[in-house]
**Q** 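This is the structure I want to talk about, given as C-alpha cells.
One-based numbering, in listed order, for ligands and for the atoms of each. For this chain, numbers begin at 1 and follow the sequence in order.
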Amino acid sequence: MAMSKMAPISMFFLKLLLIGLSAPQFIAGDDNHRFVYSGFADASLALDGTASVMPSGLLELTNGTAMSMGHAFYPAPLRLRHSPNGMIQSFSASFVFGIISIYYDLSSQGLTMLVAQSKDFTKAMPVQYLGLVNGSNNGNTTNHIFAVELDTWQNPEFGDINNNHIGININGLASVKSHPAGFFHDQNGTFKNLTLSSQEAMQVWVDYDREKTQIDVTMAPLDMATKPQQPTVSARYNLSVVLTDVAYIGFSSSTGRIDARHYVLGWSFAVNSPAPAFNLTMLPKLPRHHPKGRQSWVLEVVLPVATAVILLSLGAVAFILVRRHFRYSEVRDDWEVEFGPHRFLYKDLYHATGGFEDKNLLGVGGFGRVYKGVLPRSRLKIAVKRVSHDSKQGMKEFIAEIVSIGRLQNRNLVPLLGYCRRKGELLLVYEYMPNGSLDKCLHGKEDNTVLSWAQRFQIIKGIASGLLYLHEEWEKVVVHRDIKASNVLLDDEMNGRLGDFGLARLYDHGIDPQTTHVVGTIGYLAPELARSGNATPPTDVFSFGMFVLEVICGQRPVNHQNTQDSQLMLVDWVIDNVQKESFCDAVDARLKGRFDVGEAYLTIKIGLLCSHPFANARPSMRQVMQYLDGEIEPPELSSEALVVMQNEGFEPYIISYPVSTTSIGTMSHISEGR
Ligand SMILES: *[C@@H]1O[C@H](CO)[C@@H](O)[C@H](O)[C@H]1NC(C)=O
Ligand SMILES: CC(=O)N[C@H]1CO[C@H](CO)[C@@H](O)[C@@H]1O
C-alpha cells in the first residue's frame with residue numbers, strides 16, 4: 001500500500017521532469033514569467049523564416065540558405081510593466097547557442113536575443129540587419145526593441161568593432177556597447193577570447209537591473225560550470241523608456257553570402273530573479289560539422305590562390321632554370337678534353353660582355369661580331385668574337401689550330417686566350433687591344449689622330465715580324481689568309497698586332513695545302529689565290545704588300561671614291577707616282593711631308609715587290625724583314641716590272657672574281673663602300 005501511494009507521486013514527478021525537459025516549466029511567481037527550455041522538442045515556439053525545431057530539439061534559426069533570416073518567439077506575451085507608467089521589471093535570460101559555418105574561421109551574419117513589442121518581423125531584413133530591423137527603421141525609437149547581438153560580421157556603417165563581437169542594442173544595429181566575444185576569468189580577470197563561429201556551444205546571460213538601469217551581458221563556453229562574475233559587456237540604459245508594457249521575447253538571426261547555420265540549444269527566462277539553470281545533460285547536441293563542411297575559408301580561398309602562386313613561382317623558377325640552361329648551354333665534345341685549359345665557360349663570357357650588349361660591340365668583322373668584356377674573376381679585359389658555324393665538320397682541326405696559335409708567343413700577334421663552343425657558334429677570346437684597329441686609325445673620320453710616320457713604320461715592321469713568325473719561325477707553317485688593316489690591332493704602345501686567326505689554317509711543312517674555300521678580302525687577294533683557291537705564304541705576302549701601301553698612302557687598296565666603273569687601284573696609282581719619279585706624292589698627304597724619305601722609298605718598294613702579280617716574283621717574309629732592317633737592299637723596281645704589274649691589272653680580276661667564294665664579311669666590306 002505504501003507502494004500504491006508512492007506510485008502516483010513518482011508518476012507526478014516523472015511527468016514533471018519530462019515536461020521540464022522540453023516544455024516550458026512554469027514556476028509560480030510574478031506573472032508566471034519564468035521558463036526553461038533545455039531543448040525545444042515539444043516547445044510551441046512561434047517560428048518564421050528559416051527557423052525550425054529539429055527532431056533532436058535543436059532550434060535552428062537559419063538553415064544555410066544564403067541571405068535568409070529566421071525568428072523564434074516565446075509564444076506568450078510578457079507583461080514586464082505592472083502599471084502603465086511604472087518601470088520595466090528586472091529580468092534575466094540565458095541561452096545556449098552555436099554557429100556552424102561552412103568555414104571554421106569565417107561566418108555570416110549572426111543572431112540576436114531580443115525583446116520587442118511584436119512577433120511580426122516580416123518587414124525586417126536579413127544579412128547585416130540580422131532580421132531585426134530594415135534599412136529605413138533602423139534606430140527608430142518607435143521600434144521598442146532591446147536586443148543582444150552576436151555578430152560575426154563587421155559592418156562599419158553600424159560601428160561594428162570587429163567580426164566577432166557581442167553587443168547591447170536598442171532599437172537598431174548600432175550597439176550601445178559592444179565587446180569582442182569572450183569572457184573574463186574569475187581568478188585573475190584576464191580576458192579570454194571566444195570565437196562565435198567556432199562550432200562550439202556557448203552560453204549567454206542577459207541581466208537587466210531596473211534599480212541600476214544596468215544591462216549586463218555575460219558569456220562563457222558551455223563546458224564552463226559557472227557564470228563568470230564579470231560581465232563581458234555592460235551598459236547603463238533605462239529599458240523603461242524602450243520597452244512596451246506588453247512585449248515578446250525571442251530570437252532573430254540572418255545569413256549573408258556564407259552558408260552558416262545559427263542554433264539555439266536551450267533558453268531560460270525569469271522576471272526579478274536569475275535565469276533558471278539548464279539541465280545540461282538534456283541539451284541537444286550541435287551538429288558535429290556543417291553538412292557541407294569545409295575546413296576553412298583560408299584553405300578554400302587562400303589555399304588555391306597560394307597553390308596557384310606556388311605553381312606559378314615553380315613555373316617561373318623552372319623557366320629561369322631552363323632559360324639559364326639554354327642561355328648558358330654549350331657544346332662540348334670528348335676530343336676537347338685536351339683543350340680544356342683553353343676552354344671558357346659561356347656563362348663567364350656572357351657576364352663579361354654584359355650579355356653581349358650592343359654598347360660593348362667593338363665591331364662587326366668578316367665572320368662575326370666582336371664584343372669588349374671584362375672577365376668576372378681575373379678582371380682581365382678581353383675581346384670576344386662570335387663566329388657562327390653550322391657544321392661539326394673540321395671543328396676538331398679548327399680548334400686544334402686556334403689553340404695552337406693561341407700558344408704562339410709573339411709580341412706582334414694578338415694573344416688568343418681561348419674559345420668556347422655553342423650550338424651553331426664558336427666564340428674566340430682574345431686579349432683586349434686598347435687602341436683598336438689600325439683600320440680605324442688610318443681611315444677614321446677624326447683627323448686629329450693621324451698616325452705619325454714613325455708609328456706607321458713601326459707598325460709595318462711589327463706586322464712583318466709577326467707574319468714571318470707564322471710563316472717560318474714556328475713549328476708549323478701558318479698562312480694567315482686575311483691580312484688587312486682591320487685585322488691589325490694596336491696595343492697600348494701603338495704596336496701593330498696581327499689579329500683574327502679565325503681564317504688561318506695550319507699545315508705541315510712540305511705538304512700541299514688542301515683548301516676548299518677561298519677566303520680573304522677583295523683588294524688584298526693575290527690573283528693566283530682567286531684562280532686556284534690555294535692559300536700559301538706568297539698569297540699572304542701579296543696581302544702584306546697591299547697592306548704596306550695602304551699604311552703608307554693612307555688609302556684603301558681599292559678606292560671607291562670615284563664612280564662605280566672607275567675603281568681606283570691603289571697599286572696602279574702608286575706605280576704611276578713611282579714612274580713619274582714623284583713617289584713622295586704617294587705618301588699620305590695628312591702627314592704634311594713629315595716623313596723619312598728613305599724609309600718611305602724603301603717601304604713603297606717593298607709594298608710593290610710584295611704586290612707582284614706573279615707569286616714567285618714576290619719576296620719571302622724573311623727577305624722583307626731583312627729589307628726593313630736594312631740588312632739587305634731590296635732589288636730596284638725595273639720599269640719593265642712596273643709595266644708588267646700594270647698590264648696584269650687588277651680590274652679584270654676583281655670583276656671576274658666569283659662572288660660565291662668570297663666570305664660574307666668580304667662582301668660586306670665592298671657594300672660598305674670600302
Ligand atoms: C531553409 O528554410 C527555407 C524556409 O523554410 C526552405 O525553403 C529551404 O528549403 C530550407 N533549406 C534547407 C537547406 O533546409
Ligand atoms: C692614339 C691612341 O689612341 N693612343 C692611346 C693608346 O692606348 C694608350 C693606353 O690606353 C693611351 O694612353 C693612348 O692615348
**Q** Is atom 9 (O) of ligand 1 touching the protein, meaning some protein heavy atom lies under 4.0 Å away?
**A** no
**Q** Indicate yes or no: does Lys227 engage Asp207 in a salt bridge with an N to O separation below 4.0 Å.
**A** yes
**Q** For atom 11 (N) of ligand 1, what is the closest protein heavy atom, and at what distance to 0.1 Å?
**A** Asn63 ND2, 2.8 Å
**Q** Check whether Phe356 forms a cation-pi arrangement with Arg386 (NZ or CZ under 6.0 Å from the six-membered ring centre, at most 45° off the ring normal).
**A** yes
**Q** Kindly confirm or rule out an N or O of Thr50 lying under 3.5 angstrom from an N or O of ligand 1.
**A**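 There is no such contact.
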**Q** I need the atoms of ligand 1 closer than 4.0 Å to a non-hydrogen atom of Gly49, numbered in the order shown.
**A**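 This gives 4 (C), 5 (O) as the contact atoms.
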**Q** In this structure, does ligand 1 have an atom that sits under 4.0 Å from one of the heavy atoms of Ser68?
**A**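 No, Ser68 has no heavy atoms under 4.0 Å from ligand 1.
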**Q** Check whether any protein heavy atom sits under 4.0 Å from atom 2 (O) of ligand 1.
**A**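 At least one protein heavy atom is under 4.0 Å away.
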**Q** May I ask you to check whether His262 and Phe251 place their ring centres under 6.0 Å from each other?
**A** no
**Q** Checking Lys119 against Asp48 for the salt bridge (Lys or Arg N to Asp or Glu O under 4.0 Å) test, could you report, in this order, the C-alpha distance in whole Å, the side-chain angles of both residues, the deciding distance, and whether it holds?
**A** CA-CA 9 Å; Lys119 289 183 286 189; Asp48 70 39; over 6 Å; no
**Q** Suppose the criterion is salt bridge (charged side-chain N to carboxylate O under 4.0 Å, His left out): which pairs have a residue in residues 248-257, not counting sequence neighbours?
**A**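 Non-adjacent pairs meeting salt bridge (charged side-chain N to carboxylate O under 4.0 Å, His left out): zero.
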